[in-house]
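Report on the structure given below.
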Amino acid sequence: MGHFVKALISQLADKANWLAGASIVAMMMVTVIDVVLRFFRCPIPGTYDVVGLLGALAISLSLGYTSAQKGHIAVDFLVSRFSEKVARGIHLFNNLVATVFFAAVSWQCLLYAASLKRAGEVSPTLKLPTYPFLIGIAAGFILLCCVLLAESVQSSPAKGGK
Amino acid sequence: AAPQAPEQVAAPEAPEKAIELSYSIFFPPTHEQCKAGEAWAKEVETRTGGAVKINIFPGGTLTKADACYDGVVSGISDLGMSCFAYTRGRFPVMEAVDLPLGYASGTVATRAADAFYRKMQPEELNDVKVLYIHAHGPGLLHAKKPVTSLEEMKGLKVRSTGLSAKVVEALGGVPVAMSQGATYEALQKGVVEGTFAPIETLKGWRQAEVIKHTTDCRDIGYTTAMFVVMNKDKWNALPEHIKQVFDAVSAQWVGVHGKVWDDVDVEGRNYTLELGNTITPLSDEENTRWVQAVEPVIHDYITQVNQKGVDGAAAVDQLRALIAGFNE
Amino acid sequence: MTPTLIGVIGIFALFTLIFSRMPIGFLMAMIGFVGFGVIVSFDASMNLVVKDLFAVFGSYDLTVIPLFVLMGQVAFHAGISSRLFDAAYKNIGHLPGGLAIATIGACAAFAAICGSTNATAATMAAATLPEMKRYNYRITLATGAVAAGGSLGILIPPSVIFIVYGILTEQSIGELFLAGILPGLLLTGLFVVTILVWATIQPDLGPPGPRTTIREKVASFSGVFETILIFFLVMGGLFAGIFTPTEAGAIGAFGTIVLAVARRNLSWKGFVASLFETTRISCMILVIVAGATIFGHFLAISRIPFDIASWISGFALPPAVIILLIILVYLIGGCFIDSLALIMLTIPIFYPVIVQFGLDPVWFGVIIVLVTQIGVITPPVGINVYVVSGVARDVPLELIFRGAFPFLLAMVAGTLLLIAFPQIALFLPGLIR
Ligand code: NA
Ligand code: NA
C-alpha cells in the first residue's frame with residue numbers, strides 16, 4: 001500500500017515536471033515568435049504577460065520533482081558527521097517542518113486565488129485572469145508536500161541533498 | 001517640496017508609545033513623489049505631536065508595485081502608495097481616470113482623480129481606507145525620430161503596457177510591453193522606437209539619453225492614477241482626533257502631489273531640451289485626428305465595465321466635467 | 001522585543017540552522033516567515049510569503065534563468081561545449097589551468113549578453129564543468145572558476161544593478177555601463193592571474209596538456225564554429241536592437257537547439273535530459289531567490305539595514321574610514337539580501353555621504369557592484385556557489401566555497417585597485433563627459 005502511494009507520488013511529480021518542461025519550451029517559443037513578428041511590426045500582444053505566468057507554472061510544477069531528485073541545495077557537512085540514526089532523525093524533522101510550512105503556503109495560495117477571482121484581477125495587457133495560475137502554484141506546492149511526506153516515511157536511511 | 005503647515009491646535013500630549021505604521025511606496029526613494037509621500041508622513045507625525053510614527057519602505061522594498069494594494073489589505077504594510085493600473089480589472093471605476101482624456105497637467109490630473117474618487121466612492125475600494133489619490137501629468141510620446149502625424153506613428157514600436165498599449169494600438173503604433181526599468185536599454189538598442197510616458201520619466205528614468213523627440217500630444221494625454229491607502233483595521237483602531245489629522249493632511253497633500261508632478265514635468269522638459277532633444281506640439285489638424293483615433297479606447301472601456309455592472313459612460317462624463325473644470 | 005533585536009535573532013538563526021541540512025531556500029523562507037510574523041502578524045506574514053513566491057516565480061525578468069540554463073544544457077548534451085573545449089585545450093591547454101582560463105574568458109564573453117549573475121554561473125557551469133573534468137582538472141579549481149566567473153555577468157554591461165543605481169542616484173546609465181567595462185576586464189584579468197598562480201603552485205589542479213603544433217591549433221578551430229555562430233546570433237541581435245537582453249535567453253536557447261538538431265547532434269533523449277536538468281536547476285535557483293526575497297523583506301521590516309546605514313553615516317570619522325565601513329556593509333549585507341534590494345534600502349542614506357565627501361558617484365556605483373558580487377561566493381549564503389553545486393551535484397558545497405576563495409582574494413584586490421585608481425572606472429565615461 002505504502003509502496004503504491006509512493007510510486008504514485010513519484011509518477012505525479014514526474015508528470016508535473018513534464019508540464020514544467022513544456023512551459024519552458026512554450027516560454028521560449030512565444031518569445032522567439034514574438035521577436036520575429038516584431039521585426040515585421042506585428043508582434044504577439046501580451047507576450048510579456050504570458051511569459052511571466054508560464055515561468056510561474058514552470059517553477060512551481062517542478063518543485064516536487066526537484067525535491068525528489070534532492071535538487072534543493074542544503075549544507076550537509078555537519079549532519080554528515082553525525083551517526084546515521086541522528087542524521088535520519090534530523091532529516092525526518094526537517095521534512096515534517098517543511099511539509100507543514102508548505103501545506104500552509106498551498107492553502108494560502110488557494111485563498112489568494114479565490115480573492116483574485118472575486119476581485120476580477122487580470123494580466124495587464126492580455127487581460128488573462130491571474131487566479132488559475134495561482135491554483136497551478138498551489139498544486140505545485142501540494143505536490144512538494146506529498147514528496148516530502150513520502151520521503152519521511154521512507155524506511156531506508158535518508159541520503160539527503162548536498 | 002512640501003509647504004510648511006501652520007502650527008495646529010496644541011498637539012495632544014505625546015503618549016508613552018507612538019503608534020508605529022509601515023508605509024510601502026513603490027517609487028524609488030530619490031523620486032520626488034516618494035519625497036512628497038515622506039513629507040506627508042512627517043506632517044502627520046508633527047501634527048499628531050509624535051503620537052504616530054511612520055516608517056517608509058521605498059522602491060518596493062516591502063511590497064512590489066503590483067502587490068502593494070493587497071499588501072495593505074492583508075496588513076503586510078499599514079499604508080501603501082502605488083498605481084491602480086498594476087492590478088488590472090480590480091478597479092473598474094478608477095480605471096476610467098487612466099483613459100486618454102487629455103489631462104493638461106499633473107495638477108489637473110491629480111485634482112480630477114481625487115475629486116472623481118470622492119464623487120464616485122466606488123465600492124472596489126471598500127476594503128481599505130483611502131487617504132488620497134494623485135496622478136501624473138499627461139502621458140506623451142517620446143521617440144527616436146520626430147513623430148508629427150498619424151502617418152509617422154504607423155508601425156512605430158512603442159513601449160506601453162495595459163491601457164497605454166491600447167492607445168498606441170489605436171494610433172496605429174505597435175505596443176511592446178516591458179518594465180519601466182528595461183525601457184532604457186530597449187530604446188538605446190532600438191528594440192522599441194518610442195515610449196508613452198509623462199515627460200518626467202525622461203529625467204527620472206534617464207530615458208532622455210536614448211530618445212530624440214517628444215510629441216506634445218496633450219489633448220490625448222492619459223494619466224496613471226495612484227492611491228494612498230491604509231489598512232482598514234489599523235484605521236478603525238485610530239483615535240478620532242488622529243483620524244482627523246490624517247484626513248486634513250491628506251486633503252492638503254492632493255495639492256502638494258499635483259504641484260510636484262508639475263515640477264518634475266518641468267524638470268524632465270528642461271533636461272531633455274538640455275540634451276539637445278526637441279519637443280514638438282501636434283498641429284491643430286493632427287490634434288483632432290489623434291483625439292478621434294483614441295475615441296474607440298474610451299468606448300471599449302465603457303462597454304467592458306458595463307458588463308460588470310458599472311456605468312462606464314457616467315464615469316467618463318463625470319471625469320470630463322471635472323477635467324474641464326480644473327483645466328480652467 | 002524590538003524589531004531590530006528580532007532581526008538580529010533571525011540572522012543568527014539563519015547562520016546556525018543552515019547547518020541542519022534543511023534546503024537553504026526553504027530555510028530562508030521559513031525564518032523570514034516567522035520573523036515577519038513576530039514583528040507584524042502571522043496573517044500578514046503568510047500573505048507576504050505567497051506574494052513573494054508568486055512575484056519571484058512569475059517574474060518576467062527572471063525568465064532569463066531557465067532559458068539560459070536550457071541553452072547551456074543543450075550545448076552540453078549536443079557536444080557543442082566539448083568541441084569548444086577541445087579547441088581551447090589545443091590552444092591554451094599547455095598553460096597551467098588553461099581550461100579554467102578559457103572558462104573565465106567564456107564567462108566574460110557571456111556576461112556581455114546576460115545581465116544576471118545566477119544565469120551566467122548556471123549556464124557556464126553546465127557547459128564547462130564536465131569538460132574540465134574530462135581533462136582531469138581538480139573540481140575545486142573548476143567549480144571555483146565558474147562560481148567567480150558568474151559575477152562578471154553584473155559588472156560587464158548589460159547589468160540590472162547599474163540601471164537601478166543610475167535611477168536612484170540620477171546618474172547616467174550610459175556612463176555607468178561604460179564605467180563597468182574596464183573594471184570588468186580588470187577582474188577578468190585578475191581571475192586569469194589567480195588561476196595561473198594557483199595552478200603553478202599546485203600543478204595537479206589543472207594539469208598542463210601537451211604542446212601542439214600551429215597546424216593542430218588551426219585545425220581545432222573547426223570545433224568552435226557552432227559556438228561562434230550562436231554568440232554572434234545573440235550579440236548581433238542585441239546590438240542591432242532586434243531583441244532585449246531578457247529575450248536573448250529565448251533566442252540563444254532556440255538557436256542552440258536548432259543548430260544542434262540541424263547538425264544531428266541532439267537526440268530526443270538528449271533534449272529531454274536537457275529539459276529535465278533545466279527544470280531542476282531553475283527550480284533550485286528560483287527557490288533560493290524566493291527564500292532570499294522573503295528573508296530580505298523580514299530584514300527590511302526589522303529596519304536593520306536602515307539602522308546600520310544611518311548609524312555609520314552619523315559617525316564623525318575620517319572619510320576613508322567611513323567609506324571602508326560602507327563597503328563592509330555591502331560586503332556583509334550581500335550575504336543575506338539580494339543586491340538590488342540592499343542597494344534600494346541603503347543608497348538613499350549612503351549616497352548623500354558620498355556626495356558630501358566629493359567622491360564620484362559613478363565610481364562609487366562600480367565599487368558597490370563589485371563589492372556586492374563578492375557576496376555571491378562567500379559562505380554561508382553565496383548564491384553562485386549554490387548554483388554551481390546544483391549543477392555539479394556530486395561536489396560538496398564546502399569544496400566549491402574553498403575553490404572560490406582564491407577568486408575572492410582577486411575580487412578584494414580588484415576593489416582595492418579601483419579605490420586606489422578610480423580612473424579605471426572613470427576613464428571611459430570621461431571620454432563622453
Ligand atoms: Na552583463
Ligand atoms: Na555570501
For B:Gly71 versus C:Lys51, what's the shortest heavy-atom pair and its separation?
N-CE, 4.3 Å
Determine the option with the most heavy-atom pairs under 4.5 angstrom with chain C, choosing from B:Thr63, B:Val192, B:Val73, B:Thr30.
B:Thr30
Would you say that more than 12 heavy atoms from the other residues, nucleotides or ligands in this model lie under 6.0 Å from the NZ of B:Lys212, or not?
no
Nearest heavy atoms of C:Thr244 and B:Ala186, plus distance in Å:
CG2-CB, 4.3 Å
If one checks every heavy atom of B:Thr61 against chain C at 4.5 Å, the contacting part turns out to be both
I need the minimum non-hydrogen distance between B:Glu185 and C:Pro245, along with the two atoms involved.
OE1-CG, 3.3 Å
With chain B as the partner, which of C:Pro157, C:Ser45, C:Gly241, C:Ser41 has the greatest number of non-hydrogen pairs under 4.5 Å?
C:Gly241
Residue pair C:Gln171 / B:Arg206: nearest heavy atoms and the distance that separates them:
O-NE, 3.2 Å
Is there a side-chain contact between C:Pro3 and B:Glu20 in this structure, where contact means two heavy atoms from C-beta onward sitting under 4.5 Å apart?
no
Does B:Lys53 have more than 12 heavy atoms from other residues, nucleotides or ligands lying within 6.0 Å of its NZ?
yes
Are more than 12 heavy atoms from other residues, nucleotides or ligands located less than 6.0 Å from atom CZ of C:Phe232?
no
When you look at OH of B:Tyr86, are more than 12 heavy atoms from neighbouring residues, nucleotides or ligands closer to it than 6.0 Å?
no
Given a strict heavy-atom distance threshold of 4.5 Å, which part of B:Ile56 is in contact with chain C: side chain, backbone, both, or neither?
backbone
Let me know if C:Phe36 has heavy atoms under 4.5 Å from chain B in its side chain, its backbone, both or neither.
side chain
Around atom CG of C:Asp307, are there more than 12 heavy atoms of other residues, nucleotides or ligands at under 6.0 Å?
yes
Please rank C:Gly166, C:Gly174, C:Ala240 by heavy-atom pairs under 4.5 Å with chain B and give me the top one.
C:Gly174
Interatomic spacing from CG in C:Leu48 to CD1 in B:Ile76 - rounded to 0.5 Å
4.5 Å
At their closest point, which heavy atom of B:Asn55 faces which heavy atom of C:Arg303, and how far apart are they?
CB-NH1, 3.2 Å
Examine whether an atom of C:Asp52 lies under 4.5 Å from a heavy atom of chain B, and if so say whether it belongs to the side chain, the backbone or both; otherwise answer neither.
neither
Using heavy-atom distances under 4.5 Å, tell me whether B:Asp66 contacts chain C through its side chain, its backbone, both, or neither.
neither
Applying a strict 4.5 Å limit to non-hydrogen atoms, the region of C:Phe243 in contact with chain B is backbone
Can you tell me how far apart CD1 (C:Ile163) and OG1 (B:Thr183) are? Round to the nearest 0.5 Å.
9.0 Å
At a heavy-atom separation under 4.5 Å, does C:Phe177 approach chain B through its side chain, its backbone, both, or neither?
side chain
To check you understand the geometry: which heavy-atom pair defines the closest contact between B:Gly60 and C:His297, and what is its length?
O-NE2, 4.2 Å
Answer yes or no: is there a side-chain heavy-atom contact under 4.5 Å between B:Leu62 and C:Ile301?
yes
